[in-house]
Every structure is written in C-alpha cells, then in structure tokens.
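Worksheet for the structure shown next.
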2 protein chains.
Amino acid sequence: MSDTDTPWLDEQEMTLWRLWLRVQTELPAALGRGLAQDSELSMQDFETLVRLSEAPEGRLRISALAEGMHWERSRLSHHLRRMSGRGLVVKQDCLEDGRGSFVELTDAGRAALDSAAPGHVRIVRALFFEGLQEDERQALTHFLERVLGRVQT
Amino acid sequence: MSDTDTPWLDEQEMTLWRLWLRVQTELPAALGRGLAQDSELSMQDFETLVRLSEAPEGRLRISALAEGMHWERSRLSHHLRRMSGRGLVVKQDCLEDGRGSFVELTDAGRAALDSAAPGHVRIVRALFFEGLQEDERQALTHFLERVLGRVQT
DNA sequence: AGCACTTGCTTGACACGTCACGGAAAACCC
DNA sequence: GGGTTTTCCGTGACGTGTCAAGCAAGTGCT
C-alpha cells in the first residue's frame with residue numbers, strides 16, 4: 001500500500017487523537033492520586049483486590065487471575081510478590097496441581113479494598129460518568145468495542 | 001458525603017468502564033508493536049520527534065518541549081538522554097540563558113520519523129478512526145473534553 | 001555588591017512492566 | 001516406564017516513569 005492511500009490526520013482528527021492520548025494519560029493519573037489519598041493502593045492493587053474479592057472465598061488460581069485481568073503472568077507474579085510483602089494477599093500451594101498456586105485476599109487486603117472502594121467509585125463517577133447520557137454511553141461502548149475488536153491480535 | 005450518595009456502577013456502566021480500561025492498555029500496546037516493527041521507535045520517541053519536527057529548525061527549548069507534551073521535566077530529561085544516546089537528537093547550550101538547553105532533531109532522527117510516520121498513521125487510522133462517523137467523532141471529542149476539563153487539577 | 005529566591009535542567013533511588021529464560025510438575029506418547 | 005512436550009510460576013536484566021533532591025545560572029531586593 002502506498003503512502004498516498006493513508007493521508008495524514010486532518011485538523012479535527014488530530015484534535016481528537018491528541019485529546020485521546022491526553023485523557024489516556026491524565027485520567028489514570030488523577031484516579032491514582034485519588035486512590036492514593038485515602039488508601040495506599042494503586043489502580044493495579046485495587047483491580048487485583050476487586051478480582052479476588054469477587055471470587056469464591058476470595059481466592060483464585062494465579063493463572064486464572066492473570067487471564068481475567070488480561071495480564072502477563074510475569075507481571076502478575078511481580079505484582080503479587082509486592083502485594084504479598086505488604087500483607088494484602090497471601091500465596092498458597094495448590095494441592096491438586098503441584099505447579100499451581102492460589103492467591104488469597106487477607107483480612108488486611110479486604111479491609112483496604114472496602115475502605116478504598118467508595119471513594120474510588122465516587123471519583124470514577126465524578127470524572128468519567130458524570131453527565132454521560134444514555135445514548136452517549138451506548139455510542140461510546142460501541143466505539144470502544146469496535147476498537148478493541150480490531151486491536152486483538 | 002455518605003457512601004449511599006454514590007452507588008456502585010451498574011452492569012452497563014461496569015461494562016463500559018472495564019472496556020475503557022482495557023482499550024486504554026491494549027491500544028497503546030498495539031500501536032507500540034506496530035511502530036516497533038518498522039522503526040526502533042517507541043510511542044514516546046515518536047511523539048517527541050513529531051514535536052521537534054514541527055518546530056522551526058527542528059529545535060526547541062527543553063522546557064517548551066516539556067510543556068507542549070505535558071511531560072514532567074525530569075521525565076523528558078531522562079528520555080532525551082536516552083534518545084540522544086541513540087543519535088536521534090542532540091542537546092545544545094542556550095546562549096541567551098546559561099541554564100537553558102535546546103534539543104535539536106538530528107538527520108538520523110528526522111529520517112527515523114519520516115520512515116516511521118506513514119505506517120504509524122496507517123495503524124492509527126485502521127485501529128482508531130476506521131468507520132468513525134462524523135457525529136461519533138464530535139460526540140467523542142465532546143466527551144473527552146468534558147473528562148479532561150474535570151481531570152485538570 | 002550581597003543575599004535570598006526563582007528557574008532550567010539533571011540526577012539518583014525506587015516502583016512498575018516487558019522480555020527472555022529457567023525449574024518444576026503435569027500431560028502426552030511410544 | 002522413559003522421554004518429550006506443555007503448563008504453571010518465578011527470576012533477573014533492562015527500559016521507563018515518578019519523586020525528591022541538587023546544582024548552576026538568572027532575577028530581584030536592599
């Protein structure tokens with residue numbers, strides 16, 4: 001395909017694209033700051049704790065957790081080591097499969113999640129959902145699904 | 001404000017929110033892979049080179065570049081050191097202000113940008129803009145502006 | 001001139017993510 | 001059962017981002 005088939009972005013497209021890139025960096029930063037104010041948790045910690053809290057008995061196989069979060073295993077492994085060091089989770093050997101491990105929410109982990117969740121939801125609502133109309137929500141969902149579908153390798 | 005004032009996300013909101021988080025991680029990853037295939041450049045390198053190429057004579061004061069990119073100075077400083085090590089840019093002392101420095105695009109930097117740009121635009125179009133209607137573009141722009149306005153501390 | 005303050009940029013320490021690799025246990029196949 | 005392959009997870013090295021601190025040069029006040 002020659003370059004002439006793909007013209008550079010016009011002014012409006014460029015505006016949207018840079019806006020997207022900007023929101024994509026600033027929103028997580030703002031959420032992270034909000035979360036850090038009342039909880040010692042990062043977005044990644046929070047997401048991990050949410051997934052565990054949704055699981056039966058607050059525990060999951062590491063590979064299942066990694067798949068659910070769409071994380072690489074090594075990333076999760078590093079992260080769990082750090083979270084484990086802070087007492088938010090514990091690792092347990094898996095009896096049925098000698099290779100495998102479980103991660104389980106500790107009481108401290110559940111407490112941290114419970115105390116951080118309301119504030120986090122509040123800020124997500126305030127920054128992202130506030131004023132979002134039903135038709136906008138649908139359109140945005142549709143757009144993101146389209147993009148995600150094309151991104152999947 | 002009590003917790004009852006901010007209900008947890010309902011099912012549709014949660015779908016949208018997780019979709020947003022997911023696209024926000026996968027799209028940059030896909031763009032990065034595409035860029036790396038034909039250029040040795042990261043998204044950050046690319047963005048930096050674009051900014052410099054748009055400046056008169058391909059050079060900018062470091063603080064001006066940092067402000068334009070909305071980067072912290074230390075981040076840019078680290079990044080320029082690495083890019084400079086790869087020969088993509090060079091730093092020059094500023095004569096009018098002994099504290100200041102200029103960064104300038106090298107021939108290699110401009111060549112890398114020129115060779116990477118068409119493919120990058122193509123993939124941005126293919127993944128993000130493809131099939132985006134005019135009214136969708138406006139709605140999305142409007143939404144992102146709203147979010148960004150609220151994120152600004 | 002002298003002194004504090006500000007500005008422009010760098011540096012070092014640390015947290016995080018990716019990649020390539022490794023070991024151990026299970027599964028498969030003959 | 002023995003050997004190969006696959007799966008589960010951890011580790012080390014490296015690039016990158018943030019934060020706090022620092023240095024050097026300009027600015028302003030007296």
Side-chain angles (χ1 to χ4, degrees), chain A residues 21-22 24-33 35-37 40-48 59-86 88-104 153, chain B residues 21-22 24-33 35-37 40-48 59-86 88-104 153:
Chain A
L21 291 177
R22 186 108 187 266
Q24 193 182 246
T25 62
E26 305 262 345
L27 182 57
L31 293 174
R33 283 192 301 267
L35 208 46
Q37 273 191 350
E40 302 294 321
L41 296 178
S42 69
M43 285 280 285
Q44 294 87 337
D45 298 332
F46 187 84
E47 172 76 4
T48 306
R59 45 181 254 151
L60 280 173
R61 286 290 294 269
I62 290 185
S63 51
L65 180 56
E67 186 175 1
M69 299 177 74
H70 304 279
W71 279 19
E72 292 191 12
R73 297 231 190 113
S74 81
R75 176 183 178 184
L76 185 56
S77 183
H78 283 303
H79 204 80
L80 290 179
R81 175 174 41 74
R82 292 184 292 252
M83 289 182 72
S84 163
R86 293 191 285 149
L88 299 169
V89 299
V90 282
K91 285 182 233 181
Q92 302 164 338
D93 291 344
C94 176
L95 300 180
E96 304 101 43
D97 188 334
R99 303 164 295 182
S101 299
F102 285 97
V103 223
E104 183 174 348
T153 47
Chain B
L21 291 177
R22 185 105 188 269
Q24 194 182 247
T25 63
E26 305 260 345
L27 183 57
L31 294 174
R33 284 192 300 268
L35 208 46
Q37 273 191 351
E40 303 292 323
L41 295 179
S42 68
M43 285 280 285
Q44 294 85 337
D45 298 332
F46 187 84
E47 173 76 3
T48 306
R59 46 181 254 152
L60 280 174
R61 286 290 294 268
I62 290 187
S63 51
L65 180 57
E67 186 175 1
M69 298 177 74
H70 304 279
W71 279 20
E72 293 190 12
R73 295 225 193 122
S74 82
R75 177 182 178 185
L76 184 57
S77 183
H78 282 305
H79 204 81
L80 290 178
R81 176 173 41 76
R82 294 184 292 252
M83 290 183 72
S84 162
R86 294 191 285 147
L88 298 169
V89 298
V90 284
K91 284 183 234 179
Q92 302 164 338
D93 292 343
C94 175
L95 300 181
E96 303 99 44
D97 188 334
R99 301 165 295 181
S101 298
F102 284 98
V103 222
E104 183 173 349
T153 46

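A note on names: the letters A, B, ... follow the listed sequences, proteins ahead of strands, and every chain is numbered from 1. No hydrogens, no waters, no symmetry mates; every other heavy atom, side chains included, goes into these values.
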Where do [X] and [Y] come nearest, in terms of heavy atoms and distance?
X: A:Leu41; Y: A:Leu35; answer: O-CG, 3.7 Å
X: A:Leu76; Y: A:Ile62; answer: CD2-O, 3.4 Å
X: A:Ser101; Y: A:Cys94; answer: N-CB, 4.1 Å

Handout entry: Interatomic spacing from CD in A:Gln24 to OG1 in B:Thr25 - rounded to 0.5 Å
Key = 9.0 Å

Handout entry: Verdict with reasoning, A:Arg61 to A:Phe102, per side-chain contact (heavy atoms from CB on, under 4.5 Å)
Key = CA-CA 4 Å; A:Arg61 286 290 294 269; A:Phe102 285 97; 3.8 Å; yes

Completion exercise
Here the residues of residues 77-85 of chain B within 4.0 Å heavy-atom distance, strictly under, of DNA chain C are B:Ser77, B:His78

Handout entry: Side chain A:Arg86, main chain A:Glu40, donor-acceptor under 3.5 Å
Key = yes

Handout entry: Nucleic acid contacts of residues 90-100 of chain B, taken as heavy-atom distances under 4.0 Å to DNA chain D
Key = B:Asp97, B:Gly98, B:Arg99

Listed partners of [X] passing side-chain hydrogen bond (donor to acceptor under 3.5 Å, both in side chains), at least two apart:
X: B:Glu104; result: B:Gln92
X: B:Arg99; result: B:Asp97
X: B:Ser42; result: B:Gln44, B:Asp45

Problem - Side-chain H-bond candidate by donor/acceptor type, B:His78 with B:Arg81, under 3.5 Å - result: yes

Handout entry: Donor/acceptor link under 3.5 angstrom from B:Ser74 side chain onto base of C:dC9
Key = no

Exercise for the section: Show the numbers, then the answer: is there a side-chain contact (heavy atoms from CB on, under 4.5 Å) between A:Met43 and B:Leu21? Expected result: CA-CA 11 Å; A:Met43 285 280 285; B:Leu21 291 177; 4.3 Å; yes

In whole Å, what is the span from the [atom1] atom of [X] to the [atom2] atom of [N]?
X: B:Arg61; N: C:dT10; atom1: CZ; atom2: P; answer: 11 Å
X: B:Phe102; N: C:dG8; atom1: CZ; atom2: P; answer: 13 Å
X: B:Arg75; N: C:dC9; atom1: CZ; atom2: P; answer: 17 Å
X: B:Arg73; N: C:dT11; atom1: CZ; atom2: C1'; answer: 15 Å

Problem - Range on DNA chain D touched by chain B, heavy atoms, distance below 4.0 Å - result: D:dT16 to D:dG26

